[in-house]
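Atoms within a ligand are numbered from 1 in the order they appear, just like the ligands themselves. These numbers come from a predicted model, not from an experiment. All residue numbers refer to positions in the sequence shown, counting from 1.
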Amino acid sequence: MKIAILPGDGIGPEIVDQAVKVLNALDEKFEMESAPVGGAGYAAHGHPLPEGTLALAKAADAVLFGAVGDYQYDNLERALRPEQAILGLRKNLGLFGNLRPAILYPELAGASTLKPEVVSGLDILIVRELTGDIYFGQPRGVRVCPDGPFKGQREGFDTMRYAEGEIRRIAHVAFQAAQKRGKRLTSVDKANVLETFQFWKDIMIDVSKEYPDVALDHMYVDNAAMQLVRAPKKFDVIVTGNMFGDILSDAAAMLTGSIGMLPSASLDANNKGLYEPSHGSAPDIAGKGIANPLATILSAAMMLRFSLNRAEQADRIEKAVKQVLAQGLRTADIYEEGTTKVGTAQMGDAVVKALAS
Ligand SMILES: NC(=O)C1=CN([C@@H]2O[C@H](COP(=O)(O)OP(=O)(O)OC[C@H]3O[C@@H](n4cnc5c(N)ncnc54)[C@H](O)[C@@H]3O)[C@@H](O)[C@H]2O)C=CC1
Ligand SMILES: CC(C)CC(=O)C(=O)O
Ligand SMILES: [Mg+2]
């Protein structure tokens with residue numbers, strides 16, 4: 001089994017180091033090979049997704065990814081910006097199904113900015129379509145505005161679009177995920193305004209006929225954002241498009257105490273996947289040794305479960321994470337009075353130690 005390790009930028013290398021440490025502490029040894037990506041790819045090879053990095057990701061059984069992005073690259077032309085690396089990997093590897101589980105560990109009930117009674121026992125799953133929508137739609141760019149009151153001025157534009165097959169395949173992922181959980185699926189759209197999302201809703205209803213055991217309902221994205229902070233436990237599985245899923249999953253992250261707790265799996269049709277924390281490269285805390293590595297470590301557990309068929313090893317890692325939280329160890333983002341503040345590497349070491357116990 002070969003794992004491509006793509007640490008990326010900012011806190012990426014710090015947090016990926018911890019996940020690699022944890023993987024190396026398992027009984028089975030995996031072959032791992034690293035390559036630069038994002039700003040690091042641009043610095044090394046003049047491109048955020050160097051050919052060698054993409055080839056490694058394609059050849060590997062799974063990819064463990066940190067994060068990309070750094071303000072120093074924000075003025076590069078778009079094709080060379082670090083974020084193009086993760087978008088390019090998703091597209092090139094066909095990773096259309098993004099699973100973002102938001103689980104509140106009981107020990108972190110007080111770390112959430114929401115009242116404990118609102119979030120305690122939270123266990124929801126966001127299924128985000130990952131290779132379509134306005135993030136990939138063409139045409140896009142800056143042009144001269146052809147009509148209206150701003151005619152003749154420059155205007156920026158993007159294209160929101162979803163093909164029927166794209167909606168159907170993510171619908172199946174979501175319905176099947178719901179079948180394995182609470183059998184409730186909420187499709188989040190903006191069908192009241194957008195043609196793309198009326199179409200999305202129609203296809204969801206059609207696919208639902210194949211899953212009579214799953215209760216499907218629909219919610220507009222603005223209401224979904226509100227309900228996520230009002231009564232998040234009412235959700236079981238949420239399925240939505242690329243942009244709405246990006247935004248809602250960051251909101252859901254705070255229900256779990258911190259975005260540093262939210263792992264993700266990005267899967268193709270055969271469960272080959274890329275695993276990364278849901279957060280970005282956090283340049284504001286990079287290099288300080290204080291980032292929370294648990295989302296990345298939990299992403300490695302998802303990798304073992306979904307792509308490497310090592311569910312027992314995944315369980316062991318998740319149990320070890322629960323144990324370090326029960327021991328009161330906290331990185332700064334989830335720290336509360338009465339707990340013990342630790343740095344990134346100490347947290348990784350503690351998970352390794354808990355694996356052995
Ligand atoms: N998949 C990826 O590689 C992603 C990359 N980005 C990129 O990351 C860069 C920063 O973007 P932001 O909007 O600031 O989002 P971000 O997720 O990197 O950071 C948002 C806030 O959360 C904190 N944070 C994030 N991860 C943390 C962790 N593990 N432990 C403790 N605190 C953590 C940061 O310190 C910051 O205050 C940008 O260049 C952006 O484009 C953003 C999201 C995803
Ligand atoms: C570069 C962005 C599209 C990445 C992001 O924000 C995400 O996947 O959550
Ligand atoms: Mg995001």
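Side-chain contact check for Glu337 and Thr339: no donor-acceptor pair (N or O, by modelled atom type) lies under 3.5 Å. Checked by atom type, the side-chain pair Gln176/Tyr211 shows a donor-acceptor distance below 3.5 Å. In summary, the side chains of Asp9 and Ser281 do not present any donor paired with an acceptor at a separation below 3.5 Å, with no hydrogens or angles considered.
Among all non-hydrogen protein atoms, the one lying nearest atom 1 (N) of ligand 1 is Glu276 OE1, 3.0 Å. Looking from atom 25 (C) of ligand 1 to the surrounding protein, the closest heavy atom is Ile259 CG2, 3.5 Å. Given atom 30 (N) of ligand 1, the protein heavy atom at minimum distance is Asn292 N, 2.9 Å. Protein heavy atom at the shortest distance from atom 4 (C) of ligand 2 is Arg90 NH1, 4.0 Å. Annotation: atom 36 (C) of ligand 1 to nearest protein heavy atom, Asp284 OD2, 3.4 Å. In terms of protein heavy-atom proximity, atom 32 (N) of ligand 1 is nearest to Ile285 CD1, 3.6 Å. Ranking the protein heavy atoms by distance from atom 18 (O) of ligand 1 puts Ala282 N, 2.8 Å first. Looking only at heavy atoms of the protein, atom 14 (O) of ligand 1 is closest to Tyr71 OH, 3.9 Å. The closest protein non-hydrogen atom to atom 5 (C) of ligand 1 is Val68 O, 3.0 Å.
Annotation for Gln72: atom CD counts as buried by contact number, over 12 foreign heavy atoms lying within 6.0 Å. The local environment of CG in Asn75 is sparse, with at most 12 non-hydrogen atoms from other residues, nucleotides or ligands closer than 6.0 Å. Within a 6.0 Å radius of NZ in Lys183, other residues, nucleotides and ligands contribute more than 12 heavy atoms.
Ion pair Asp123/Arg181 flagged as a salt bridge, since at least one NZ, NE, NH1 or NH2 atom sits closer than 4.0 Å to an Asp/Glu carboxylate oxygen. A salt bridge does not link Asp217 to Lys234: none of the charged nitrogens lies less than 4.0 Å from a carboxylate oxygen. One finds a salt bridge joining Glu164 and Arg168 here, because a Lys/Arg side-chain nitrogen approaches an Asp/Glu carboxylate oxygen to under 4.0 Å. Salt bridge absent: Glu312 and Arg305 never bring a charged side-chain N and a carboxylate O closer than 4.0 Å.
Distances below 4.0 Å separate heavy atoms of Arg100 from the following atoms of ligand 2: 7 (C), 8 (O), 9 (O). For ligand 1, the atoms lying closer than 4.0 Å to a non-hydrogen atom of Gly260 are 28 (C), 29 (N).
In terms of N/O distances under 3.5 Å, ligand 1 is approached by Gly280. The shortest N or O to N or O distance between Glu276 and ligand 2 is not under 3.5 Å. At under 3.5 Å, a nitrogen or oxygen of Asp246, whether backbone or side chain, sits near a nitrogen or oxygen of ligand 2. For Glu83, no nitrogen or oxygen atom sits less than 3.5 Å from a nitrogen or oxygen atom of ligand 2, counting backbone and side chain alike.
Within a 4.0 Å radius of atom 21 (C) of ligand 1, the protein contributes no heavy atom. Note that atom 40 (C) of ligand 1 has protein non-hydrogen atoms nearby, at separations under 4.0 angstrom. Distance check on atom 7 (C) of ligand 2: some protein heavy atom falls below the 4.0 Å cut-off. Protein heavy atoms are absent from the space less than 4.0 angstrom from atom 12 (P) of ligand 1.
For the pair Lys91 and Phe136, the cation-pi test (distance below 6.0 Å, angle within 45°) is passed.
For Asp246, the N/O/S atom at the shortest distance from the Mg ion (ligand 3) is named OD1.
Contact between Met243 and ligand 2 is absent, with no heavy atom of the residue lying under 4.0 Å from the ligand. Within the 4.0 Å heavy-atom cutoff, Arg128 counts among the residues contacting ligand 2.
Between Phe197 and Tyr162, the ring planes are perpendicular. Angles over 60° get that label, and only those under 30° would be called parallel.
Taking 2.8 Å as the criterion, Asp250 does not count as a coordinating residue of the Mg ion (ligand 3), since none of its N, O or S atoms falls below it.
Counting heavy atoms under 4.0 Å from ligand 2, residue His279 does not touch it at all. When non-hydrogen atoms are compared, ligand 1 lies under 4.0 Å from the side chain of Glu83 (C-beta onward) but not from its backbone. When non-hydrogen atoms are compared, ligand 1 lies under 4.0 Å from the side chain of Asp333 (C-beta onward) but not from its backbone. Within the 4.0 Å heavy-atom criterion, the part of Ile11 lying near ligand 1 is the side chain and not the backbone.
Of all the listed residues (His279, Gln72, Arg90), His279 holds the heavy atom that lies closest to atom 26 (N) of ligand 1. Looking at Ser281, Ala85, Ala67, it is Ser281 that brings a heavy atom closest to atom 8 (O) of ligand 1. For atom 10 (C) of ligand 1, the choice among Ala291, Pro283, Gly12, Gly69 with the nearest heavy atom turns out to be Pro283.
Looking at Asn242, Asp133, Thr240 one by one, the single match for side chain to side chain donor-acceptor pair (under 3.5 Å) with Arg128 turns out to be Asn242.
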Please tabulate, one pair per line, all N/O donor-acceptor pairs under 3.5 Å involving side-chain atoms of residues 137-159, not counting sequence neighbours.
| from | atom 1 | to | atom 2 | distance (Å) |
| --- | --- | --- | --- | --- |
| Arg140 | NE | Gly137 | O | 3.4 |
| Arg140 | NH2 | Ile134 | O | 3.1 |
| Arg140 | NH2 | Tyr135 | O | 2.7 |
| Arg143 | NE | Glu155 | OE2 | 2.7 |
| Arg143 | NH2 | Glu155 | OE2 | 2.9 |
| Thr159 | OG1 | Pro139 | O | 2.4 |

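Distance check, rounded to the nearest 0.5 Å: CE of Met219 to OG of Ser187 gives 10.5 Å.
Looking at Lys272, its side chain does come within 3.5 Å of a backbone N or O of Ala60 through a donor-acceptor pair.
The shortest heavy-atom contact between Thr344 and Ala291 is OG1-O, 2.7 Å.
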